[in-house]
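Take a look at the structure set out below.
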Amino acid sequence: MESQVAGGPAGPALPNGPLLGTNGASDDSKTNLIVNYLPQNMTQDEFKSLFGSIGDIESCKLVRDKITGQSLGYGFVNYSDPNDADKAINTLNGLKLQTKTIKVSYARPSSASIRDANLYVSGLPKTMSQKEMEQLFSQYGRIITSRILVDQVTGVSRGVGFIRFDKRIEAEEAIKGLNGQKPLGAAEPITVKFANNPSQKTGQALLTHLYQSSARRYAGPLHHQTQRFRLDNLLNMAYGVKRFSPIAIDGMSGLAGVGLSGGAAGAGWCIFVYNLSPEADESVLWQLFGPFGAVTNVKVIRDFTTNKCKGFGFVTMTNYDEAAMAIASLNGYRLGERVLQVSFKTSKQHKA
DNA sequence: TCATATT
C-alpha cells in the first residue's frame, strides 16, 4: 500500500538516496495480509477491531463495491510489525465468523497482471472433484483458489466451478487449452471462460436495492398513482425497458427558485448530493443517477489541497420527472456506511 | 446453473 521506509537500528546501513529496495519497490510482503471469506455484514470498524487486537495496524481496508457500498467479503490489513502479521495468520486464519470461515494469508504484491485471472468453468463431469479439476488446470499456471459449486441439499456437484490463477496470462492460456475440450473420460466438453467481474453485477444490484428500499418506503397497496409510477419505473429499469409513463407525478408548483438551472449549456435540474465518501468520484454519480434518465453533468466537490471529496457533489438531469424519480429513490439510500441525502439544489441567493 | 482474492 503505502511505501514503508525501513528505519530499524539493526538493519544494514542504507546508502544515500531513496530509502527503497534495490528494485525500487517498497517491501510490505511480510506485513500486508489479505483476508477472505468475511461475513457480508462485517463493517470496516469491526474488521479493524478484529485485526487490531493482534497488534499495531499501519492501515487496513475492507473492500466494498464502488457503487452500492456493499462489502465484497474481503479486505487488507497492513501491520507495522511483520511478527504481528505472522501472528494474525496463525491465530485468525480459519476463524469461524457467522456462516463463514475466514482465510488470512499474505497478500501478493498488487499488479495489473494478477487481475481478471478468475475463470468460470461449466459442463464439468459431476464426478470430478476439486482436486481433479485443479490437476486439469494446473498445467497452465499457479492456481490461487478453486471451487466447485454443489447442490445445497444433496451436496452433489453442479458441474460448475471457478479457478483463480496467479496471473491473467495463465488464465488466458487455460481458456485456449481447455475451453471446448473433453476432460479424460468425460462425455461432454467443458466451457472455460472468464468469470463475471463483480463490478458488472453492481448495476443490477443497485436496481435491486433501490427497488427493495423503494418498496419498503412506499409499502402498502398500490392504489396511489404516484406509487405505481415509481415502482413501474424501477421495474422497467431493472428490465432495461425505456418508456414514457402516461402518468404525471406530482405537479411542479412550489418549485420557484429551486433546482432548475438556466443558461444554454447548463439547462436542466441541478441535484445536490450529500454524504459522499472522501474517495467518491464522478463515475459513482454517473452510475447512481444514470439509470433514472438523462444526466448531462456530474461534479464531485473536492478539497483543493488533498483532492479528496468534501462530502458532496452535484448532478444535472434534463427532465424533471426523471430527476424527481432519482431523488425519491436515492435520498436516504445507504452507500456503504453512509446514508445519502439527495435533493434539488436550493439557490443560495434566497437563503437567509 | 457465477461464489467471491488485489487496495
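A note on names: the letters A, B, ... follow the listed sequences, proteins ahead of strands, and every chain is numbered from 1. Bear in mind the structure is a predicted one, so any value in this text is a computation, not a measurement.
Within a 6.0 Å radius of OH in A:Tyr274, no more than 12 heavy atoms belonging to other residues, nucleotides or ligands are found. Around atom NZ of A:Lys48, no more than 12 heavy atoms belonging to other residues, nucleotides or ligands sit under 6.0 Å away. Remark: A:Leu95 CG is packed, more than 12 non-hydrogen atoms of other residues, nucleotides or ligands lying under 6.0 Å away.
Looking at heavy-atom distances under 4.0 Å, A:Tyr74 makes contact with sugar-phosphate atoms alone, never a base. Residue-level contact check: A:Lys100 touches the backbone only, with heavy atoms under 4.0 Å from sugar-phosphate atoms and none from bases.
Listed pair A:Lys61 / B:dT6 fails the phosphate criterion, with no side-chain N or O lying under 4.0 Å from OP1 or OP2. Here A:Tyr37 reaches the OP1 or OP2 of B:dA5: one of its side-chain N or O atoms lies under 4.0 Å away. Using a 4.0 Å cut-off, some side-chain N or O of A:Arg164 falls inside it from OP1 or OP2 of B:dT6. Checking the phosphate oxygens (OP1, OP2) of B:dA5, no side-chain nitrogen or oxygen of A:Thr145 falls inside 4.0 Å. Distances shorter than 4.0 Å separate none of the side-chain N or O atoms of A:Asn196 from OP1 or OP2 on B:dC2. Considering only side-chain N and O atoms, A:Arg158 lies under 4.0 angstrom from the phosphate OP1 or OP2 of B:dC2.
Atom CZ of A:Phe47 and atom P of B:dT7 are 14 Å apart (whole Å). Spacing between atom CG of A:Asp151 and atom P of B:dT1 amounts to 16 Å, rounded to whole angstrom units. If you measure from atom CE of A:Met42 to atom P of B:dT4, you get 15 Å, rounded to the nearest angstrom. Note: CD (A:Glu58) to C1' (B:dT7) measures 14 Å, nearest angstrom. Rounded to a whole Å, the CZ atom of A:Phe194 is 19 Å from the P atom of B:dC2. Computed from coordinates, the A:Leu72 CG to B:dT6 P distance equals 9 Å when rounded to whole Å. Atom pair A:Ile102:CD1 and B:dA3:C1' shows a separation of 18 Å (rounding to whole Å applied). Between A:Asn78 atom CG and B:dT6 atom C1' the separation is 13 Å, expressed in whole Å.
Between A:Phe76 and A:Tyr74, the angle of the ring planes goes over 60°, which puts this pair in the perpendicular group of the 30/60° scheme.
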Side chain to side chain donor-acceptor pair (under 3.5 Å) between A:Gln40 and A:Ser71, intermediate numbers included
CA-CA 6 Å; A:Gln40 193 64 34; A:Ser71 165; 4.6 Å; no

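Along DNA chain B, the nucleotide nearest to A:Pro109 and the one nearest to A:Tyr120 differ in position, and the one closer to the 5' end is contacted by A:Tyr120.
Remark: the A:Asp166 side chain and the B:dA5 base include no donor-acceptor N/O pair separated by less than 3.5 Å.
The ring of A:Phe344 has its center no closer than 6.0 angstrom to the ring center of A:Phe272.
Across B:dT4, B:dT1, B:dA5, the shortest atom-to-atom separation from the side chain of A:Val160 is found for B:dT1. Closest to the side chain of A:Lys103, from the set B:dA3, B:dA5, B:dT7, is B:dA5. Taking the side chain of A:Arg147 as heavy atoms from C-beta on, and the options B:dA5, B:dC2, B:dT4, the nearest nucleotide is B:dT4.
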